[in-house]
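Report on the following structure.
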Amino acid sequence: MQKIQIFDTTLRDGEQSPGVNLNKSEKFQIAKQLERFNIDIMEAGFPASSKGDFESVKEISNHVRGCSVTGLSRCKQSDIDVAWEALQGGAEPRIHLFLATSPIHMASKLKMTEDQVIERAVESVQYAAKFFPHIQWSAEDACRTELPFLAKIVEKVIRAGASVINIPDTVGFITPKEYGEVFRYLKTNVPNIENVILSTHCHDDLGMAVANSLAGVEHGARQVEGTINGIGERAGNASLEEFAVALHVRKDYYQCGTELVLAETKRTSDLVSKLTGMQIPANKAVVGRNAFAHESGIHQDGMLKNKQTYEIISPELVGVTADPYVLGKLSGRHAFKTHLQKLGFSINDEEMQTLFTAFKSLCDTKKEVTDDDIIALVTDNKLGKETSVYELKSIQVNYGTNDVQTATITLTHPDGTEQCQASTGAGSVEAIYNTIETMLDVPIALYDYRIQSVGGGRDALAEVYVTVDVQNHRVSGRSVSQDVLEASAKAYISAVNRGLVRTRLAQEEAQKA
């Protein structure tokens, strides 16, 4: 039984999903949960891409000790220097270098010849080897690269010091059989291939990312890259939870396994979904709401007689429990804090006070508070504060079927002053957003508005996600409240705050440049 290393790129490739923008606190919480999930390598970001990414990668590298933390880098000395500055405090620092090798990328994007690409790749690996004990090199768009050239450049970067060779299906083009053949070809035609670990990195444009990853494993790959919930560019990456469970269930066939703590699967999936605002489809394998539901009478009958008739994965394997832990108004501070730690949140004393106050307020209106409610409280009260610029002080909405909908809002500005304004709209939410826009001196465009309940029942919390454009930055915001309109207002302000912070950081970096 051979071990497959899991390389998680949720915080890098996953965050490149359109509309997803995680702040430093959110990235850190995801990183700590990935550590509990027991992944082998965590790609924390692209340090040279922005000041914010650099700081997040550095913090994660300095505090995560259960796995190797890496950062993406172009084959440029300046990128490598920044990556080392961010990652040198890690328990096992490594760098992930990439350079395109396909004819279309070399001609249209890089404007380089094959010899120039080889020279750049070799020089970069040799330079990185001065700092990093582990170097992964990726041939971007490898699956549209001519195999003789791919073998040639792989041999040379291995000789230069690479310890992992990644073969990305960057555009999600290849089929499982073809992908396996790429690995077979390299193992046959690269004389020093046994000196490195081969890795997969598959995108899901044709829906074959997990199947391609498994095909890579069949043909010698011993590292698999992907993201939680399969998020990422365009149609996303290989879904790590699907890959890991498939490998576990069919270990008889693949004779391979991971060291992931599979009982943390659902918790990891839910946290990433909450913080990115990317909902999990009900029918998604392993973590979807319906993944373990049986409605057909024939299926239900079989399940009652023997669960294995229709269930190849037990819910408990991936951390799905039938009865969520419930807290109530009589629960004390210690029980609440202990449960937060059980859910995987790192909370300091000041944050604990804020969260416990919010918890008690919720208990006044909600008889039973479930795990989902608590996670929503944490993400709303703790993880959104880093990008706080404007703050909602109060909101009042006048609604009537035969009246003009009017919203009156009081906002606290960054300098501490308060402003009250009223505006109308065709509906209550539009009236709220019109009012907010009149109070801010920046153009805002709303692209997406989604609402869902947290749990069930008449007292369920409302969770609102929005995506807006603020000064040419596409950003998302979220909030939770028992009142739909309050959640809508807070989510909008959250998105605007993120956009303004991103604009400020971009301006600071432009001034430095």
If only atom types and distance count, is the side chain of [X] paired as donor or acceptor with the main-chain N or O of [Y] below 3.5 Å?
X: Asn237; Y: Ile231; value: yes
X: Ser481; Y: Glu486; value: no
X: Asn212; Y: Ile174; value: yes
X: Gln16; Y: Gly232; value: no
X: Glu241; Y: Asn229; value: yes
X: Arg474; Y: Val468; value: no

So, for [X] and [Y], which heavy atoms are closest and what is the spacing to 0.1 Å?
X: Ile41; Y: Thr70; result: CG2-CG2, 3.8 Å
X: Phe292; Y: Val286; result: CE1-O, 3.5 Å
X: Glu430; Y: Gly425; result: OE1-C, 3.7 Å

Are side-chain N/O atoms of [X] and [Y] paired as donor and acceptor at under 3.5 Å?
X: Ser479; Y: Ser494; result: no
X: Lys284; Y: Ser239; result: yes
X: Gln353; Y: Arg333; result: yes
X: Gln2; Y: Arg222; result: yes
X: Thr227; Y: Asp13; result: no
X: His96; Y: Ser138; result: yes
X: Gln223; Y: Gln136; result: yes
X: Ser488; Y: Tyr449; result: yes
X: Thr9; Y: Glu225; result: no
X: Asp371; Y: His339; result: yes
X: Thr170; Y: Glu140; result: no

Practice problem: Could you grab the distance from atom CG of Leu11 to atom CD1 of Ile60, nearest 0.5 Å is fine? | Solution: 5.0 Å
[Y]/[X] salt bridge by N-O under 4.0 Å criterion:
X: Lys24; Y: Glu26; answer: no
X: Asp40; Y: Lys3; answer: yes
X: Asp252; Y: Arg250; answer: yes
X: Lys58; Y: Glu85; answer: no
X: Asp270; Y: Lys266; answer: yes

Self-check item: Derivation and outcome, side-chain hydrogen bond (donor to acceptor under 3.5 Å, both in side chains), residues Glu233 and His203
Solution: CA-CA 8 Å; Glu233 290 269 16; His203 280 262; over 6 Å; no
Measuring only between side-chain heavy atoms, which start at C-beta, is [X] closer than 4.5 Å to [Y]?
X: Thr268; Y: Leu34; value: yes
X: Val484; Y: Val429; value: no
X: Leu485; Y: Tyr399; value: no
X: Lys274; Y: Ile375; value: yes
X: Leu198; Y: His219; value: no
X: Phe98; Y: Asn166; value: no
X: His473; Y: Thr503; value: yes
X: Asp79; Y: Leu97; value: no

Count the heavy atoms belonging to other residues, nucleotides or ligands that lie under 6.0 Å from [atom1] of [X], then report whether that count exceeds 12.
X: Phe173; atom1: CZ; value: no
X: Asp364; atom1: CG; value: yes
X: Lys393; atom1: NZ; value: no

Quiz prompt | Name of the residue among Thr276, Asn21, Thr467 meeting side-chain hydrogen bond (donor to acceptor under 3.5 Å, both in side chains) with Ser476 | solution = Asn21
Exercise. Please lay out, stage by stage, how Glu218 and Tyr253 fare under the test side-chain hydrogen bond (donor to acceptor under 3.5 Å, both in side chains).
Key: CA-CA 9 Å; Glu218 280 191 87; Tyr253 177 79; 2.8 Å; yes
Quiz item: Checking ring-ring contact (aromatic ring centres under 6.0 Å, His included) for the pair Phe7/His201: CA distance, chi angles, key distance, verdict?
Solution: CA-CA 9 Å; Phe7 180 115; His201 179 107; 7.7 Å; no
Quiz item: What do the steps show when you test Tyr492 against Glu437 for side-chain hydrogen bond (donor to acceptor under 3.5 Å, both in side chains), and what is the final call?
Solution: CA-CA 10 Å; Tyr492 200 69; Glu437 289 174 14; 2.5 Å; yes
Self-check item: Full working for side-chain hydrogen bond (donor to acceptor under 3.5 Å, both in side chains) between Glu391 and Thr412
Solution: CA-CA 5 Å; Glu391 188 174 347; Thr412 301; 5.5 Å; no
Exercise. Mind running salt bridge (charged side-chain N to carboxylate O under 4.0 Å, His left out) on Arg450 and Asp448 for me, showing each step along the way?
Key: CA-CA 7 Å; Arg450 287 183 284 116; Asp448 188 28; 3.1 Å; yes
Practice problem: Please work out whether the ring planes of Phe336 and Phe359 are parallel, tilted or perpendicular, with thresholds of 30° and 60°. | Solution: parallel
Self-check item: Residue that, paired with Lys27, satisfies salt bridge (charged side-chain N to carboxylate O under 4.0 Å, His left out) out of Glu59, Glu43, Glu15
Solution: Glu15
